[in-house]
Amino acid sequence: VQLQASGGGLVQAGGSLRLSCVASCAAPGYIFSIDTMGWYRQAPGKERELVATITSDAHTNYIDSVKGRFTISRDDGKSSVYLQMNSLKPGDTAVYYCNADRIGCGQKLRYYYDVWGQGTQVTVSS
């Protein structure tokens with residue numbers, strides 16, 4: 001099982017980026033469930049922090065510093081989670097990681113826990 005993140009880049013302050021993360025199971029498996037998904041970030045010299053989460057029934061949660069600017073969403077048909085980031089600030093500069101707390105893969109109906117993507121760099125210039 002893996003999570004593949006994309007969409008990072010360099011943007012000026014006030015700009016926007018949309019991060020995407022897609023889950024997949026090793027062939028010939030298929031995904032039959034994904035529980036809570038989230039985005040985390042880690043800035044240089046700082047600890048990784050939670051940015052936003054979305055549950056399987058689409059309940060969302062955000063850290064205070066991104067409320068009103070970032071929107072997390074998911075598309076279970078595409079096994080994907082997204083993070084729309086608007087009004088970006090230099091303080092948002094970090095490597096962003098997606099996470100799923102549990103993914104269920106067929107054909108063996110196996111669950112995988114605390115799955116992480118590889119990270120995508122977001123750099124906001126002032």
Side-chain angles (χ1 to χ4, degrees):
V1 64
Q2 66 174 358
L3 292 172
Q4 183 71 37
S6 61
L10 173 64
V11 65
Q12 290 187 333
S16 298
L17 284 173
R18 185 176 188 248
L19 305 183
S20 300
C21 178
V22 60
S24 61
C25 296
Y30 60 91
I31 292 176
F32 63 84
S33 70
I34 305 178
D35 292 349
T36 298
M37 303 186 79
W39 288 94
Y40 293 70
R41 66 186 181 187
Q42 186 166 19
K46 295 186 177 181
E47 294 185 354
R48 189 174 298 186
E49 66 173 351
L50 173 66
V51 176
T53 59
I54 184 166
T55 66
S56 57
D57 58 356
H59 178 76
T60 59
N61 187 50
Y62 301 89
I63 56 171
D64 287 345
S65 62
V66 307
K67 286 181 180 178
R69 300 189 297 123
F70 291 11
T71 302
I72 189 170
S73 62
R74 62 190 288 166
D75 183 338
D76 289 338
K78 296 181 179 180
S79 301
S80 296
V81 63
Y82 308 97
L83 187 67
Q84 178 66 43
M85 304 185 294
N86 299 327
S87 302
L88 282 161
K89 304 175 180 179
D92 296 318
T93 295
V95 178
Y96 284 69
Y97 299 88
C98 56
N99 172 271
D101 67 352
R102 189 178 74 166
I103 298 175
C105 292
Q107 303 166 329
K108 296 181 178 180
L109 301 183
R110 179 176 178 179
Y111 287 101
Y112 297 83
Y113 296 86
D114 197 26
V115 182
W116 289 90
Q118 85 285 7
T120 183
Q121 176 71 47
V122 172
T123 303
V124 184
S125 62
S126 57

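What you see below is based on every heavy atom in this structure, not just the backbone, and it leaves out hydrogens, waters and symmetry mates. Numbers here are sequence positions counted from 1.
- With sequence neighbours excluded, no residue satisfies ring pair (Phe, Tyr, Trp, His ring centres under 6.0 Å) with Tyr112.
- Partners of Arg69 by side chain to side chain donor-acceptor pair (under 3.5 Å), not counting sequence neighbours, listed by chain and number: Asp92.
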Give every donor-acceptor pair under 3.5 Å between a side-chain atom in residues 119-126 and any protein atom, sequence neighbours left out.
residue	atom	partner	partner atom	Å
Thr120	OG1	Gly8	N	3.1
Gln121	NE2	Ala94	O	3.4
Gln121	NE2	Thr123	OG1	3.3

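- Once rounded to the nearest 0.5 Å, the distance linking CG of Asp76 with CZ of Phe32 reads 13.5 Å.
- Here the CG-CH2 distance, from Leu19 to Trp39, works out to 4.5 Å after rounding to the nearest 0.5 Å.
- Partners of Ser65 according to the side-chain contact (heavy atoms from CB on, under 4.5 Å) rule, which considers only residues two or more places apart in sequence or in another chain, are Arg41, Ile63.
- Shown here for Leu17 and Gly7, the closest heavy-atom pair between the two residues is CD2-O, 3.9 Å.
- In terms of the ring pair (Phe, Tyr, Trp, His ring centres under 6.0 Å) criterion, Tyr30 has no residue partners (sequence neighbours excluded).
- Every pair passing disulfide (SG to SG under 2.5 Å) that includes a residue from residues 24-79 is listed here, sequence neighbours excluded: Cys25-Cys105.
- Of all heavy-atom pairs between Ser33 and Tyr111, the closest is OG-CE2, 3.6 Å.
- With rounding to the nearest 0.5 angstrom, the CD atom of Gln118 is 9.0 Å from the CG atom of Leu3.
- Between Val51 and Val66 the shortest heavy-atom distance is O-CG2, 3.9 Å.
- Residue pairs meeting the ring pair (Phe, Tyr, Trp, His ring centres under 6.0 Å) criterion with at least one partner in residues 61-92, sequence neighbours excluded, do not occur; the list is empty.
- Summarising the geometry, atom CE belonging to Met37 is positioned 11.0 Å from atom OG belonging to Ser56; distances are rounded to the nearest 0.5 Å.
- Remark: Ser16 pairs with Gln84, Asn86 by the side-chain contact (heavy atoms from CB on, under 4.5 Å) rule, at least two apart or across chains.
- The line from OG of Ser80 to CD1 of Ile34 is 7.5 Å long, rounded to the nearest 0.5 Å.
- By the rule that hydrophobic residues join a cluster once side-chain heavy atoms approach within less than 4.5 Å of another member, Leu83 and Tyr97 end up as members of separate clusters.
- Note: the hydrophobic cluster containing Met85 does not contain Val95 (ILVMFWY, side chain heavy atoms under 4.5 Å, direct or indirect links).
- Arg102 meets the side chain to side chain donor-acceptor pair (under 3.5 Å) test with Asp35; sequence neighbours excluded.
- With sequence neighbours excluded, the residues satisfying side-chain contact (heavy atoms from CB on, under 4.5 Å) with Thr55 are Thr36, Asp57, His59.
- If you take CD on Gln4 and OG on Ser20, they are separated by 11.0 Å, rounding to the nearest 0.5 Å.
- Side-chain atoms of Asn61 do not come within 3.5 Å of backbone N or O of Ala52 as any donor-acceptor pair.
- The ring pair (Phe, Tyr, Trp, His ring centres under 6.0 Å) search around Tyr40 returns Trp116, not counting sequence neighbours.
- In this structure, Leu10 stands alone, with no Ile, Leu, Val, Met, Phe, Trp or Tyr side-chain heavy atom under 4.5 Å from its own, directly or through other members.
- Val22 and Ile31 sit in two unconnected hydrophobic clusters of ILVMFWY residues. Membership requires side-chain heavy atoms under 4.5 Å apart, directly or through other members.
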